[in-house]
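The model shown is predicted, which means the values in this text are computed figures rather than measured ones. All residue numbers in this chain count up from 1 along the given sequence.
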Amino acid sequence: MSRSMLLAGLALAFVFSGAHAGDSAPRPMRIALTLQHGLPTTHAMIGGKPVTLVLDAGSYQVVGLKTAVLGRVPVRFTGEQESFADADGHVSTSRIFHAQPLEAGGLLASQFDGNELVGSSGKAGLPQDGLIGFGLLGRYQMVFDEPGGELRLYPSSDPSAFKRECGSEGGALRLERGVMVSEVQTGHGTFRVQWDPGSAQDVLRPSAVAGRIKDADLLRRLTFQRFDVAGQPAGPQTFTLRQFAAPDVDAVLGTGFFSTHVVCLDPSRGRVAFR
């Protein structure tokens, strides 16, 4: 969960496979995933070297790789650096690198600029080698099908992917400082939530409920019986109560929600749906 977007000089080439016979709808690019340590993870290749990457649409980077992994993957450091804070407020300085190509299932990026994942906290502390972030995934309509074990990517121009995949056009989605945000309705009012498959937990900020439910901020977990997202009922929905520094939302929908639903995200048109 992080801030604005996108590294200058990004150049990506992508390939969509052809249409189904007798069907004008394009086939999606498919990326197989498994949940590892609570996060959607795929096997990929960078510069011909195998890596395991979290599919993290809640992170603004194009690609992030841990410092140790950069020693075995062919990359070129650009000499630039970038400082950023993670969800817990830890600030680190990251080296920028250039690499080519990235292959992850049907997704191909012929070249890209990525970020070093520094230290032992946040994504840098995970056993995976790194992540594919919103900087790349946000170019597409994303269908996170964690129950079915894959991420499907459609061109942003496909007008019917949402209806085919999630059964409706869904509800509103906004990009705020590089993260995807929606409003949800509960029995205790409206809350602003981030959509983040790169979060291993569904997390609620204690201060968001302190004035609405007596002593709720003293709890470890809280369940909303009514929880309506994109005009659809999704309750009951349980959150872990934990303070986080960023982003500026009330709650984060992570693996708890994504692992039990098929979630369609279209940042270019500002829509989200699920089934």
* Asked: Can Leu151 be reached from Val263 by stepping across I, L, V, M, F, W or Y side chains whose heavy atoms are under 4.5 Å apart?
  -> yes
* Structure fact -> Correct closest heavy-atom pair for Pro267 and Met142 would be CD-CE, 3.8 Å
* **Candidate pair Ser199 and Gln201, rule side-chain hydrogen bond (donor to acceptor under 3.5 Å, both in side chains), full reasoning** => CA-CA 5 Å; Ser199 173; Gln201 293 182 309; over 6 Å; no
* Just wondering, more than 12 heavy atoms not from Arg76 lying within 6.0 Å of its CZ? -> yes
* Atom NE2 of His261 and atom CG of Leu253: how far apart are they, to the nearest 0.5 Å? -> 9.5 Å
* To do: Check whether any side-chain heavy atom of Glu82 lies under 4.5 Å from a side-chain heavy atom of Asn115, and answer yes or no.
  => yes
* To do: Indicate yes or no: at least one non-hydrogen side-chain atom of Val272 is less than 4.5 angstrom from one of Trp195.
  => yes
* Structure fact -> Nearest heavy-atom contact between Asp196 and Gly58 is OD1-CA, 3.2 Å
* Structure fact -> Contacts of Arg226 meeting side-chain contact (heavy atoms from CB on, under 4.5 Å) (sequence neighbours excluded), chain-then-number -> Gln185, Asp228
* Asked: Would you find a donor on one side and an acceptor on the other, under 3.5 Å apart, between the side chain of Asp56 and the backbone of Ile132?
  -> no
* **side-chain contact (heavy atoms from CB on, under 4.5 Å) against Ser157, all qualifying residues, sequence neighbours excluded** => Pro155
* Asked: When you measure from the side chain of Thr186 to the backbone N and O of Gly189, does any donor-acceptor pair fall under 3.5 Å?
  -> yes
* Evaluate the ring planes of Phe274 and Phe257, with Trp represented by its six-membered ring, and classify them as parallel (under 30°), tilted (30 to 60°) or perpendicular (over 60°). => perpendicular
* Check whether the side chains of Ser156 and Asp158 place a donor and an acceptor atom closer than 3.5 Å, and report yes or no. => no
* ILVMFWY cluster, Leu136 and Ile31 together (side-chain gap under 4.5 Å) -> yes
* Identify the residue among Glu116, Gln81, Glu80 that makes a side-chain hydrogen bond (donor to acceptor under 3.5 Å, both in side chains) with Arg95. => Glu116
* So Ile96 and Phe77, side-chain contact (heavy atoms from CB on, under 4.5 Å) or not? Walk me through it. -> CA-CA 6 Å; Ile96 308 302; Phe77 290 103; over 6 Å; no
* Would Leu126 and Leu65 show up in the same hydrophobic cluster when neighbours are defined by side-chain heavy atoms closer than 4.5 Å? -> no
* Considering non-hydrogen atoms only, spot the tightest contact between Thr93 and Ser83 and give its length. => OG1-OG, 3.1 Å
* Asked: If two hydrophobic side chains count as joined below 4.5 Å and joins carry through other members, does Leu53 share a cluster with Met29?
  -> yes
* Asked: Is Leu35 close to Thr255 at the side-chain level, that is, under 4.5 Å between some pair of heavy atoms?
  -> yes
* **Contacts of type side-chain contact (heavy atoms from CB on, under 4.5 Å), residue Glu150, not counting sequence neighbours** => Arg30, Arg152
* Exercise: identify the closest heavy-atom pair between Gly170 and Ala273 -> CA-CB, 3.6 Å
* Does Arg205 make a cation-pi contact with Phe191, if we ask for NZ or CZ under 6.0 Å from the ring centre and within 45° of the axis? -> no
* Basic-acidic side-chain contact under 4.0 Å: Asp129, Lys66 -> no
* **Residue pair Pro147 / Ser259: nearest heavy atoms and the distance that separates them** => CG-O, 3.4 Å
* **In one Ile/Leu/Val/Met/Phe/Trp/Tyr side-chain cluster, 4.5 Å: Leu33, Phe258** => yes
* To do: Could you tell me which non-hydrogen atom of Glu165 sits nearest to which non-hydrogen atom of Cys264, and how far apart they are?
  => CB-SG, 3.7 Å
* For this output row, return yes or no: ring centroids of Phe239 and Phe227 closer than 6.0 angstrom. => yes
* Taking the six-membered ring for Trp and the single ring otherwise, decide whether the centroids of Phe134 and Tyr60 are under 6.0 Å apart. => no
* Asked: Hey, is Asp248 close enough to Arg177 for a salt bridge, meaning N to O under 4.0 Å?
  -> no
* **Whether Thr223 side chain and Pro236 backbone form a donor-acceptor pair below 3.5 Å** => no
* **Intermediate values then yes/no, side-chain contact (heavy atoms from CB on, under 4.5 Å), Ser207 and Gln243** => CA-CA 8 Å; Ser207 58; Gln243 190 60 258; 4.3 Å; yes
* With a 4.5 Å limit on heavy-atom distance, are the side chains of Leu265 and Met180 in contact? -> yes
* To do: Any chance you could lay out the side-chain hydrogen bond (donor to acceptor under 3.5 Å, both in side chains) test for Gln128 and Thr41, step after step, and finish with the verdict?
  => CA-CA 8 Å; Gln128 290 93 331; Thr41 303; 2.8 Å; yes
* Does a side-chain heavy-atom distance below 4.5 Å link Asp250 with Val193? -> no
